[in-house]
Structures are given as structure tokens and as C-alpha cells.
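Basis for what follows: all heavy atoms, side chains included, without hydrogens, waters or symmetry-related copies. In each ligand, atom 1 is the first atom listed, and ligand 1 is the first ligand listed. Owing to the predicted nature of the structure, the values given are computational and were not obtained by experimental measurement.
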Amino acid sequence: MKIVHAKSELRAHVTAARKAGLTVGFVPTMGYLHQGHLSLVEESKKHTDYQVMSIFVNRIQFNDPNDFAAYPVDLERDFALAREAGVDLVFVPDEGEMYTDSLTFVDVGALTKNLCGAHRPGHFRGVFTVVSKLFNIVSPDVSVFGQKDIQQAVSIEKMAADLDFPVRIIISPTLRESDGLAMSSRNKRLSADERERALAISRSLKAAEKLIASGERTSGIITAAMKKIIDESRPTKIDYISAVRYTDLDYVERIDTKSVIAAAVYYGDTRLIDNMIVDTAGGKAKCVY
Ligand code: PAF
């Protein structure tokens, strides 16, 4: 596995791979890898021959400087995990390599007014800007994003289409710990008690699935049932528990089209997100979470 820090080096390797007839898969990350990231590489390997991963903690997507300062970093461990997962090239730029007095930002405003976008001003603009830059640097055929960050994934799919990035975006299901907690680099920050209480989030999605299976389609009833379960876990703060349409991420009163039911909840200082995609095609609702 090659580890490179400069854009020019990365381009040279990717060009050589392409010359050898290989297709290129790309998984952007901010490091501190867990099985969730590695499952994105697995997915990418199904579609492409040469795997590129980036590790870059992108300051401009952190609306809270404390959150940026607290972001966990362990590059040696990341390299070992990436190597084991079959990554061919890791791109680890420093801030100067990515941003030198940049004045240009990318935004997908209409898809980021709700959910996390409403609570983290500037966050998505930072994400879309760095992902656009990374797409231009790596020029992948396929790029894989996790369902856990559903607003990010759906918006990047739209951004790639709108800006004619010649890349296919794949959204891969959320990986969970055996007790249901969605895998996240942030889980490390939870105390044992907070971690136990945080299981209420995935339990609330299970309860929503049950309600939907029993025929309930009113968003307010489903999200109120979820809130009751989450409230019982004594969260520090609930940012949102919402149902939105999958395509435009706008609020829906009824789940009668492909939708996303999503929650963002704090335990202590740690903000956790989770969601479920509800597909109502064919009249029968299928929940993926
Ligand atoms: O999902 C993430 O880890 C980040 O938002 C991403 C896509 C790597 C951009 O910095």
C-alpha cells in the first residue's frame, strides 16, 4: 500500500493505474477508521480494481472548533487497517496541500436546510468543498459513502450530478456494533454510561420500523414514539427526530414515498446521528438502517 502526501504524487499513481487498465474506487475519510469505513472499501472493491482512500480531518467542515480539536487521530492504526482492507493508495494531505487561500466553496443549499444542516451552520459547505476537491484530485470512477451520514450522501449524489463529476456515487448501509449502536469515530468519546444510554437511538429506529410494519404512516406519530424512547435515555440534547423525503430531504407528514427517518442526539458532549431509509415502492414499506 502506497502512502502519499502530495496531490502530484497521488495523480502520478492514479494515472499509472489507469494506464494499466484499472478502474478507480475512492473512499474519503477523516481517519480514525472503524469497520464502517472498511465496509465502504469492501463495497468499492466490488465495483473497481484500484482502491484509493483519503485521510484528512477537514477543518472547514467543523462548525465547532472544540469538535475539530477533539477529533481523534491515529494514523499508524489507520494505515494498518487500510492495508488489511486492501486499499492500494492512501492520500494523507496536510492542510497546506488542500487549502492555500481558497476563495471558492461548493454548496447544495436546498438539500441542507433541514436535519444536520439546520444545526451545523457551514458544515455541509465544508464537506462538499473538500469532496469536490478530492474528486478532482483523485478522479475516481466510483466513490462510496455511508448511509449513516445520509444527508451528506444524498447531497453528494446530487452535487456530482449537478457539477458533472464523472463518478458513480454508491451509498452503503450503516455498520452497527452487536448491540445496535451505529459505528462512528465519535463513539470513543462516550463514557460507559453514555454509551449504554445511546442505544436508545437504534432502539427508537426499531420501534419506528415496527410501527411502519403495522401500517402507521403518520410521521408525527412515528417520531413521537421515537422521542419517547430517546427521552427515557436522558439525552443531554435532541437536535432533531424527523421524517423527510429521500429525494429533496424536505419534511413529510406521511411516509408514503421513499423517506428517511433520522435523529441527532447528544449524550454528554458527543453528538450522535442515525437514520433509517423507508422504501414504500410496491405498497409494502421496507426499512434499511
Ligand atoms: O464523512 C466524512 O468522514 C467526511 O465528511 C468526508 C466525506 C470524508 C469529508 O471530509
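- With hydrogens left out, the protein atom closest to atom 3 (O) of ligand 1 is M30 CG, 3.7 Å, a heavy atom.
- With contacts defined as side-chain heavy-atom distances shorter than 4.5 Å, the pair S172/F145 does not qualify.
- Atom numbering of ligand 1 starts at 1 in the shown order; those under 4.0 Å from a heavy atom of Q152 are 1 (O), 2 (C), 4 (C), 5 (O), 7 (C).
- Ligand 1 places these atoms under 4.0 Å from at least one heavy atom of T29: 8 (C).
- For the pair R125 and F105, the distance from NZ or CZ to the six-membered ring centre is under 6.0 Å and the angle to the ring normal is within 45 degrees.
- Of the possible polar contacts, none joining the T48 side chain to the K45 backbone as a donor-acceptor pair under 3.5 Å is found.
- F165 and L111 fall within the same hydrophobic cluster, defined by Ile, Leu, Val, Met, Phe, Trp and Tyr side-chain heavy atoms under 4.5 Å apart, directly or through other members.
- Ligand-side atoms of ligand 1 in range of Q61: 4 (C), 5 (O), 9 (C), 10 (O), range being under 4.0 angstrom from any heavy atom.
- Of all atoms in ligand 1, listed by their number and element, those nearer than 4.0 Å to a heavy atom of V130 are 9 (C), 10 (O).
- Residues V167 and V142 have side chains not in contact (no heavy-atom distance under 4.5 Å, counting atoms from C-beta outward).
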